Amino acid sequence: MYRDKGCGEIVESDIGKVLTLSGWVFRWRDHGGLIFIDLRDRSGIVQVVFSPDVSKEAHELAHTLRSEYVIKIKGEVRKRPEGTENPDIPTGDLEIYADTLEILSRADPLPFMIDEPKEISESLRLKHRYLDLRRPEMLGNLITRHRVTKQIRDYLDREGFLEIETPMLTKSTPEGARDYLVPSRVNPGHFYALPQSPQLFKQILMCSGIERYFQIVKCFRDEDLRADRQPEFTQVDLEMSFVEVDDVIATVEGMLAHVFKETLGVEIELPMQRLTYRDAMERFGTDKPDLRFGLELVEMEDLARQGSFKVFLSALDSGGRVKGLLGKGLAGLSRKEIDLLTEEAQSYGAKGLAWIKVKDGFESPITKFFPDGVLSEMADRLGAEQGDMMLFVADQEETTLDVLGRLRLSIAKRQGLIKDGFKFCWIVDYPLLEWDDEEGRFQAMHHPFTSPADEDIERMLKEDISDREGLASLKAKAYDIVLNGYEIGGGSIRIHRPDVQRKMFELLQISEEEARIKFGFLLDALRFGAPPHGGLALGLDRLVMIMVGAESIRDVIAFPKTQKAVCLLSGAPSPVEEKQLKELHIKLDIVE
RNA sequence: GGGGUGGUAGUUCAGCACGGUUAGAACGCCGGCCUGUCACGCCGGAGGUCGCGGGUUCGAGUCCCGUCCACCCCGCCA
């Protein structure tokens with residue numbers, strides 16, 4: 001028998017009881033006479049006292065204890081003497097007097113300290129992940145993640161969803177991200193792909209009459225990593241039959257409200273805010289706006305036309321845009337700091353950055369191009385006050401919005417304008433198609449199975465809209481959900497009519513033959529009575545990251561990979577035996 | 001593929017602009033002392049291929065070139 005209960009579970013009513021506890025030596029304070037041990041297990045920490053008055057033998061052995069030894073002790077729970085309570089831990093009023101001590105496992109000196117208040121380099125943490133995960137913060141993250149998935153399962157179960165697994169060894173889909181490939185031994189030269197998402201299978205499940213499906217599932221994308229992107233990540237994937245956009249949104253809102261309530265005790269206000277894609281781009285310069293602060297982008301075209309600043313006028317004349325952004329509290333920037341800000345704007349693709357300081361009037365090399373009334377109107381529109389700076393970008397529309405959107409975020413961070421809390425919003429009314437310069441054709445903005453808006457379906461089928469403007473005007477029944485500036489999920493109502501799907505492929509310049517090879521099994525399924533359906537996938541890692549306030553999804557994944565997609569713990573990926581390659585009919589061709 | 005930051009003791013860092021004693025600090029580790037500590041305290045000690053390779057120099061942790069690793073960002077991620 002190793003223990004009666006967890007270290008963190010010792011309570012007042014245990015006083016006087018003799019209990020057995022097991023755990024790790026978190027910290028020890030050896031006074032020679034008395035020895036205090038903070039004993040830690042998953043449930044928490046309790047102070048164990050070794051006194052020669054209680055057990056000479058146990059006290060003797062306790063001198064040899066070191067960090068992270070695993071021990072078992074037995075002793076009486078007592079109230080701590082008055083004045084020696086520790087208010088910082090839940091069990092701080094109690095302690096246990098050990099009369100027996102057994103060392104279950106010794107530990108070498110650690111590569112880093114578990115209770116280290118300093119930041120440990122991440123590569124060291126990843127190499128010794130088993131130690132890193134012992135840190136209370138990391139343990140807490142994993143516990144939160146568990147609770148989130150548990151609440152999601154409970155909620156969706158209650159709503160009539162069935163959790164169904166889909167294949168990990170599946171078919172490569174050339175659209176989208178790069179696939180991870182797995183060679184087939186029994187089919188030389190053929191490969192499976194690991195799923196980027198269970199998209200096609202969940203639609204087929206709808207065709208199978210499942211009606212409500214979900215899965216908490218690993219997905220794989222062989223693309224470069226970021227703080228919020230890992231090559232393998234987890235989606236909460238769901239799909240529903242006989243639904244419209246509002247039905248999916250309501251279901252997901254209910255689920256998230258439930259999850260936040262049950263895991264963090266946070267009430268989410270429903271319904272969540274919705275922004276059209278167009279509005280999000282105009283006001284925030286991105287389709288994943290952080291709504292925890294203001295600094296919205298402001299239209300400046302009419303005012304720019306009233307001045308004689310050539311940069312603005314020529315941008316407008318060539319069909320571009322001029323928009324402004326409030327540089328809150330930036331009037332004190334030196335010329336050098338403004339240059340840095342300009343360089344930042346240029347790194348985002350702008351040709352330059354126009355600025356006007358607001359302090360006892362307007363201060364800028366460009367004030368001379370504008371009448372005073374126009375300058376005041378600019379300040380009014382931006383809400384610029386004494387001590388602020390007005391920033392302007394004039395460029396082609398895409399660049400203008402993108403640059404200002406990034407600057408907005410960067411300035412808010414720098415100025416500490418981002419408030420705590422959880423700000424959700426839905427982005428709706430996405431364009432159906434997106435021009436791809438590289439390929440010289442339109443691509444599906446979401447994916448090729450996304451349904452066009454009802455009014456556009458008729459236009460698509462009946463009218464000739466093959467010109468660029470016509471195609472760009474088509475709207476999709478697609479939606480993304482954004483939390484604090486992170487895209488945490490997205491989905492759509494799918495096409496369930498074979499004729500619409502055929503037309504879609506035509507617009508994407510995917511030939512019938514190509515479509516048959518790539519997605520034939522889905523097209524077949526649509527022919528035999530496919531219900532209207534739609535769904536969404538949530539990025540679980542990102543969601544939990546935001547919930548626990550982590551900076552990277554690596555902190556909510558037990559065994560994540562580095563930026564070069566390496567697992568420092570296991571050493572994957574690694575070369576394999578020649579024999580394995582031979583079995584798989586693979587010859588290496590590595591270009592040095 | 002590109003831009004940036006970092007790499008010095010087990011850990012976190014200082015030292016580098018301006019090359020020149022024996023490369024320091026804190027924590028950890030080892031030994032000793034300590035009966036109310038809780039980041040215990042006090043005394044003593046050990047511990048370094050300055051990421052790696054090359055170059056400049058009488059002399060390189062410090063300057064130059066290359067390279068590897070980690071992180072942040074751009075591209076990429078339907």
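Reminder, nothing fancy here: chain letters follow the sequence lines and each chain counts from 1. Every heavy atom of this structure was used, including side-chain atoms; hydrogens, water molecules and symmetry mates were not. Only a predicted model underlies this, so the values are computations on that prediction, with no experimental measurement involved.
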Salt bridge or not for A/Asp436 and A/Arg441, using N-O below 4.0 Å? no
OP1 or OP2 of B/C74 versus the side-chain N and O atoms of A/Arg406: is any pair under 4.0 Å? yes
Under 6.0 Å between ring centres: does that hold for A/Tyr430 and A/His446? no
Closest of B/U35, B/U37, B/C72 to the A/Pro52 side chain is B/U35
By nearest atom, which of the nucleotides B/C38, B/A70, B/A78 is closest to the A/Leu568 side chain? B/A70
Kindly say whether, by distance alone, the side chain of A/Gln47 makes a donor-acceptor pair under 3.5 Å with the base of B/U37? yes
So which nucleotide does B/C42 pair with, by the Watson-Crick or G-U wobble rule with both distances under 3.5 Å? B/G32
State whether A/Ser121 places a side-chain N or O below 4.0 Å from either non-bridging phosphate oxygen (OP1 or OP2) of B/U12. yes
Nearest-neighbour nucleotide for the A/Lys564 side chain, B/C72, B/A70, B/A78 considered: B/A70
Looking only at side-chain N and O atoms, does A/Gln230 offer a donor or acceptor that is under 3.5 Å from a partner on A/Asp541? no
Mark yes or no for a side-chain to base donor-acceptor pair under 3.5 Å between A/Arg80 and B/U37, with no hydrogen or angle criteria applied. yes
Between A/Tyr348 and A/Gln346, a side-chain donor and acceptor under 3.5 Å: no
Distance only, no hydrogens: is a donor on one side chain within 3.5 Å (strictly under) of an acceptor on the other, for A/Gln47 and A/Arg27? no
Can you check each nucleotide of nucleotides 27-34 of chain B against protein heavy atoms at under 4.0 Å and return B for base, S for sugar-phosphate only, - for none, in 5' to 3' order? SSSSS--B
Tell me whether the OP1 or OP2 atom of B/U37 has a side-chain N or O from A/Arg29 closer than 4.0 Å. no
B/C40 phosphate, OP1 or OP2: any side-chain N/O from A/Arg27 under 4.0 angstrom? yes
Can you tell me if A/Ser334 and A/Glu337 form a side-chain donor-acceptor pair at under 3.5 Å? yes
For B/A70, the Watson-Crick or wobble partner whose two distances fall under 3.5 Å: B/U5
Phosphate OP1/OP2 of B/C72: any A/Arg554 side-chain N/O under 4.0 Å: yes
Interatomic distance, A/Lys561 atom NZ to A/Lys564 atom NZ [nearest 0.5 angstrom]: 15.0 Å
Both distances below 3.5 Å, Watson-Crick or wobble geometry, any strand: find the nucleotide opposite B/G19. none
When the nearest nucleotide of RNA chain B is assigned to A/Leu124 and to A/Leu34 on a heavy-atom basis, which residue is associated with the more 5' position? A/Leu124
Nearest listed nucleotide, side chain of A/Glu223, among B/C76, B/C38, B/U35: B/C76
So which nucleotide from B/C73, B/C76, B/U11 ends up closest to the side chain of A/Ile120? B/U11
Ignoring the backbone of A/Glu95, work out which of B/C76, B/C72, B/U37 is nearest its side chain. B/U37
Give a yes/no verdict on a cation-pi contact between A/Arg408 and A/Phe293, requiring under 6.0 Å between NZ or CZ and the six-membered ring centre and an angle within 45° of the axis. yes
Does OP1 or OP2 of B/U35 have a side-chain N or O of A/Ser51 closer than 4.0 Å? no
Residue pair A/Ser123/A/Gly92 against RNA chain B: nearer the 5' end by closest nucleotide is A/Gly92
On a plain distance test, is the side chain of A/Arg229 in donor-acceptor contact with the base of B/C77 below 3.5 Å? yes
